[in-house]
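Chain letters run A, B, ... following the sequence lines, proteins first, then strands; residues in each count from 1.
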Protein chains: 2
Amino acid sequence: MSVLERVQQAAETLTPSERQLVKQLIANPRDIALATASELASRVGVHEATASRLARKLGYPSYSGFRNAIQQEFIVKTDPAVRVRNTLDQTTSGDLLADLIGREIEALTALPRYVDMARLSEAARVLLDARRIFVFARGNAEALGVQVERRLRRMGLQVFALRGDARDSAEQVLAMEKGDALIGCVFRRQPKLYAPLLDHVRAVGAKSIIIAGSIGPSLAPKSDHLLFAPRSGSQEGFQTLTVPMAIANALVLAMAAEDKRGALEKLETLGQLIAAFEG
Amino acid sequence: MSVLERVQQAAETLTPSERQLVKQLIANPRDIALATASELASRVGVHEATASRLARKLGYPSYSGFRNAIQQEFIVKTDPAVRVRNTLDQTTSGDLLADLIGREIEALTALPRYVDMARLSEAARVLLDARRIFVFARGNAEALGVQVERRLRRMGLQVFALRGDARDSAEQVLAMEKGDALIGCVFRRQPKLYAPLLDHVRAVGAKSIIIAGSIGPSLAPKSDHLLFAPRSGSQEGFQTLTVPMAIANALVLAMAAEDKRGALEKLETLGQLIAAFEG
DNA sequence: TGGCCAACGCAAGAAAACTTGCAGCAATGT
DNA sequence: ACATTGCTGCAAGTTTTCTTGCGTTGGCCA
């Protein structure tokens with residue numbers, strides 16, 4: 001039974017102070033969901049004990065139980081991602097595929113909270129201004145690296161993939177100079193090569209861009225530009241490249257949009273870009 | 001300063017346990033915003049004291065202060081009213097990122113109309129029963145091929161990637177026998193190699209599975225199993241691998257679910273699979 | 001006016017949540 | 001091999017938050 005249903009049910013027996021509290025709850029449910037009993041009470045100028053008693057009266061075991069219910073109803077259930085998943089569940093009865101798609105959509109929906117156009121544009125400029133671009137992607141990230149490499153090369157940029165073992169990569173990296181850029185993809189754990197690589201990049205005066213998952217902000221040393229967002233799936237489980245690939249794609253589109261030198265100069269909307277872009 | 005900025009700033013000094021906590025926070029910010037220190041700690045299996053210390057390290061006066069900041073950033077700021085404004089801003093300013101994400105979601109939502117669990121399960125069975133698996137992916141599809149190869153290999157299967165030019169591939173394919181399987185990825189145009197390759201597969205009595213875009217039904221000769229769905233973006237424009245990658249991921253999950261021989265035998269929901277799967 | 005009852009604040013007590021000193025342990029360097 | 005350093009869990013201490021018995025207050029009815 002929902003919080004509001006319970007309120008309705010108990011409506012007749014509510015005291016004036018309790019009505020005040022309920023009124024406050026209905027007016028600002030999201031605030032109250034995050035507040036303590038005393039906070040709610042002081043908002044309407046009654047004693048916290050009254051709030052505690054209200055929770056009981058509505059059938060909750062404690063004020064915490066009451067607040068949890070409010071949180072579920074007004075925060076968790078109104079989460080955009082959860083809504084999408086519910087919608088999908090209704091259409092196709094929860095099989096693996098629908099579940100997977102739901103998670104992907106959920107993660108994509110959350111993406112703009114972590115990456116915005118300003119960051120993308122900055123990174124895009126760096127890549128456009130770079131003389132040469134080195135791509136670093138190991139392990140799970142490899143497929144993404146392949147894709148990035150491909151797209152950048154298609155834009156007419158000089159791209160080098162850092163493949164092979166540490167020694168091979170080191171040799172390739174020796175060629176790096178000021179004016180070059182590194183774009184790396186990192187998920188799960190920080191690769192052994194990461195720290196020395198970024199140190200080297202900084203030392204020679206090149207720029208670094210990292211596309212990452214949840215680990216992004218924990219990476220050390222920091223890159224010049226960090227584009228990260230959580231991937232879909234639970235932390236240690238089956239995670240996909242959908243979100244980071246979306247970041248990479250957006251980055252490429254941002255480059256196309258930023259590129260004042262190129263043929264795409266005055267195109268602004270994605271629709272126009274798409275029409276002109278050799279995908 | 002935002003929570004994530006503080007994390008970045010302190011990134012270098014974070015301990016392994018603290019990184020775990022941060023990762024969890026980034027993956028489920030809204031849950032953590034509503035949880036207590038002990039709850040966050042137990043999610044990643046560390047002591048609540050560690051969570052408390054993390055809050056301090058990030059510059060908050062207490063764990064409550066930390067949690068308040070999280071709530072402000074991930075709940076209050078995404079309040080429906082605020083969100084509507086953001087959405088408007090995005091659409092009016094032709095935000096590339098939001099536009100891209102919208103298209104991806106649209107395409108993903110349509111996926112179940114083209115691929116269902118029955119088809120996926122059939123294909124999964126073929127791969128599980130195959131003695132060896134050959135992966136064919138050229139051009140745009142290459143990144144997807146890399147990913148498929150990786151995932152199948154991780155499941156303990158014998159996988160061979162058909163790389164190099166036509167001659168190289170031909171030589172590799174000569175080894176194919178009855179009981180083997182081919183999984184191919186095809187978008188845009190039918191590759192030169194496609195027809196002879198599939199003829200050969202059929203001739204030796206092996207099975208073929210193709211993951212494709214809109215071109216799927218037009219491919220000739222037909223594969224034994226065809227998994228196709230339109231990709232996001234307009235027909236000839238900037239198309240992404242999101243949808244075909246979702247198909248591939250679903251296929252891998254279906255294999256895990258089908259695998260009666262393996263350790264994953266009785267897992268049914270994606271949640272359980274995820275918990276057990278080394279992604 | 002007096003008696004009754006419900007409502008409510010008070011404040012002490014209980015529970016939950018958070019903090020912190022300490023010790024064990026593992027990793028790292030000498 | 002030993003010393004050092006730093007991470008982390010433990011458990012006791014502290015603070016915050018919630019609950020509850022009690023007494024006062026104010027309204028209502030006889």
Rounded to the nearest angstrom, tell me the gap between atom CG in Leu54(B) and atom P in dG9(D).
13 Å

Taking atom CD of Gln8(B) and atom NZ of Lys222(A), what is their separation to the nearest 0.5 Å?
5.5 Å

Can you measure Leu34(B) atom CG to dA17(C) atom P for me and round it to whole angstrom units?
13 Å

Nucleotide N/O to protein N/O under 3.5 Å, stretch nucleotides 23-25 of chain C:
none

Nearest whole Å is fine: how far is dG6(D) C1' from Glu18(B) CD?
11 Å

Interatomic distance, Ser121(A) atom OG to His225(A) atom NE2 [nearest 0.5 angstrom]
11.0 Å

Please determine whether the number of non-hydrogen atoms from other residues, nucleotides or ligands lying under 6.0 Å from atom CZ of Arg43(B) exceeds 12.
yes

Between Glu104(A) and Thr240(A), does any side-chain donor sit less than 3.5 Å from a side-chain acceptor?
yes

Please enumerate all protein N or O atoms sitting under 3.5 Å from an N or O of nucleotides 15-20 of chain D, with distances to 0.1 Å.
from	atom 1	to	atom 2	distance (Å)
dC18(D)	OP1	Arg67(A)	NH1	2.9
dC18(D)	OP1	Arg67(A)	NH2	3.2
dC18(D)	OP2	Ala37(A)	N	2.7
dT19(D)	OP1	Tyr63(A)	N	2.8
dT19(D)	OP2	Ser52(A)	OG	2.6
dT19(D)	OP2	Tyr63(A)	N	3.3
dT19(D)	O5'	Ser52(A)	OG	3.4
dT20(D)	OP2	Arg56(A)	NH1	2.5

Among all residues two or more places apart in sequence or in another chain, which pass the side chain to side chain contact (heavy atoms under 4.5 Å, CB included) test with Ala195(A)?
Gln190(A), Pro221(A)

For the CD1 atom of Ile209(A) and the CD1 atom of Ile133(A), what is their distance to the nearest 0.5 Å?
7.5 Å

Salt bridge flag under 4.0 Å for residues Glu149(B) and Arg153(B)
yes

Report the distance from atom OH of Tyr194(A) to atom CG of Leu219(A), rounding to the nearest 0.5 Å.
4.5 Å

Nucleotide dT8(D), atom P - distance to NZ of Lys57(B) in whole Å
8 Å

